[in-house]
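All ligand and atom numbering here is 1-based and tracks the order in the structure.
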Amino acid sequence: MRILVATAVVPERDAVAKAFAGPARPCVLPGAALLSLADDAADDPPAGMRTDAPPAGRTAPAARWDLLAAGVGPASAAAGTGAALTAAALAGDPYGLVVSAGIGGGFAPAAPPGCLVVADAITAADLGAETPDGFLPVTALGFGTTTHAVPASLVAAAAAALPAVVGTVLTVSTATGTASRAAELRGRHPGAVAEAMEGFGVAEAAAAHGVPALEVRAVSNPVGPRDRAAWRIKEALAALTEAFGKLRPVLESWREHEHHADHPDRCSRARAG
Ligand SMILES: O=C(O)c1cccc(C(=O)CC[C@H]2O[C@@H](n3cnc4c(=O)[nH]cnc43)[C@H](O)[C@@H]2O)c1
């Protein structure tokens, strides 16, 4: 399977790359610059340019990973992820899984700094309209979606591999900086354990391609009053590296269609037909 990991910034991308021992090679695509990793990368052409199955006599590598630093915020995340997904699909070598990864803010007391978070839902928390009676999500206005559910078997597999808090990860365009905003978000999203700024953009791009998406965050700071000097970025990046070391075999062997609980419609159709 081919797996795309989308981070916001280069230090996050490089923290994920550290979990892989093999060589990494840059691959520039229209709209996205990837770092491609593979068990046998030394023999392979760059990712995104492969169009064929492995030559006769060679088996396909267990998985190929591409890492992307798409920029901060949901728009950059969606643009970069969408570009990588489209390039792969047009090359006849589509991704089977997309992971939004990086550091994030954790809601107290569930997700303190230093811990890892796995999203079971990826939710846009500020996509909507402000009204005199409060915030209305775009869905209440009759548009789009605000949440992407992560396949249950994918959440279970990731959570079994890690010491991680599982819950909703919010995507915000403005990082929370006050206790009142943190309380407001928790009030609207009681299942929220963390916030970051890219997950929903990554998940929207993945959904447009019919590819499952996961979000994994290493908590660098509490969601609340802004104190940038207190962010534990180094520790969070180290936790991210450790997390991908553990997630790597689990995600490589995860297969969406083997988990019928994630596809009740498809299964009932199969049973009926
Ligand atoms: O300054 C550095 O060395 C450095 C290294 C890695 C990452 C950063 C970032 O500033 C990443 C920004 C990224 O982090 C997410 N994030 C982290 N905490 C929060 C938060 O409390 N609320 C929302 N987002 C948060 C977010 O996804 C940003 O894109 C710096």
Side-chain angles (χ1 to χ4, degrees), residues 4-19 32-33 35 67-81 98-119 121-127 135 146 148 150 164-165 167-189 191-206 213-244:
L4 176 66
V5 181
T7 66
V9 298
V10 168
E12 292 171 314
R13 184 201 66 186
D14 290 349
V16 175
K18 261 195 207 170
L35 204 56
L67 313 183
L68 171 67
V72 170
S76 290
T81 304
V98 177
V99 185
S100 171
I103 65 172
F107 284 96
C115 83
L116 293 165
V117 167
V118 169
I122 301 171
T123 296
D126 52 15
L127 183 61
F135 175 80
T146 53
H148 291 281
V150 180
V165 177
T168 299
V169 176
L170 304 181
T171 301
V172 293
S173 289
T174 304
T176 298
T178 62
S180 61
R181 176 66 173 164
E184 184 195 335
L185 289 174
R186 267 311 275 271
R188 286 214 311 264
H189 304 283
V193 293
E195 74 166 32
M197 300 175 75
E198 294 79 27
F200 187 75
V202 172
E204 282 277 275
L214 175 68
E215 182 167 5
V216 177
R217 293 280 164 185
V219 174
S220 52
N221 57 281
V223 177
R226 183 167 173 80
D227 180 7
R228 187 65 165 74
W231 283 27
R232 289 171 37 193
I233 292 176
K234 207 171 136 215
E235 293 87 338
L237 293 174
L240 200 59
T241 303
E242 204 177 327
F244 272 85

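- Residue R217 touches ligand 1 through its side chain alone, judged by heavy-atom distances below 4.0 Å.
- Side chain of R188 to main chain of A125: a donor-acceptor pair is present (N/O by atom type, distance under 3.5 Å, no hydrogens or angles).
- If you check the side chains of E195 and T176, you find a donor sitting under 3.5 Å from an acceptor.
- In terms of protein heavy-atom proximity, atom 5 (C) of ligand 1 is closest to I233 CG2, 3.4 Å.
- With respect to E215 and R217, a salt bridge is recorded, a charged nitrogen being found less than 4.0 Å from a carboxylate O.
- Residue contacts with ligand 1 leave out G102, since none of its heavy atoms falls under 4.0 Å from the ligand.
- Of all the heavy atoms of N221, the ones lying under 4.0 Å from any atom of ligand 1 belong exclusively to the side chain.
- Pairing each heavy atom of A6 with each of V202, the nearest pair is CB-CG2, 3.9 Å.
- Of all the heavy atoms of A8, the ones lying under 4.0 Å from any atom of ligand 1 belong exclusively to the side chain.
- Atom 28 (C) of ligand 1 has its closest protein heavy atom at E198 OE2, 3.7 Å.
- Summarising the geometry of D126 relative to T174, their closest heavy-atom pair is OD2-N, 3.7 Å, with the distance given to 0.1 Å.
- The part of R228 lying near ligand 1 is the side chain, judged by heavy-atom distances below 4.0 Å.
- Contacts between I103 and ligand 1, counted as non-hydrogen atom pairs separated by less than 4.0 Å, involve both the backbone and the side chain.
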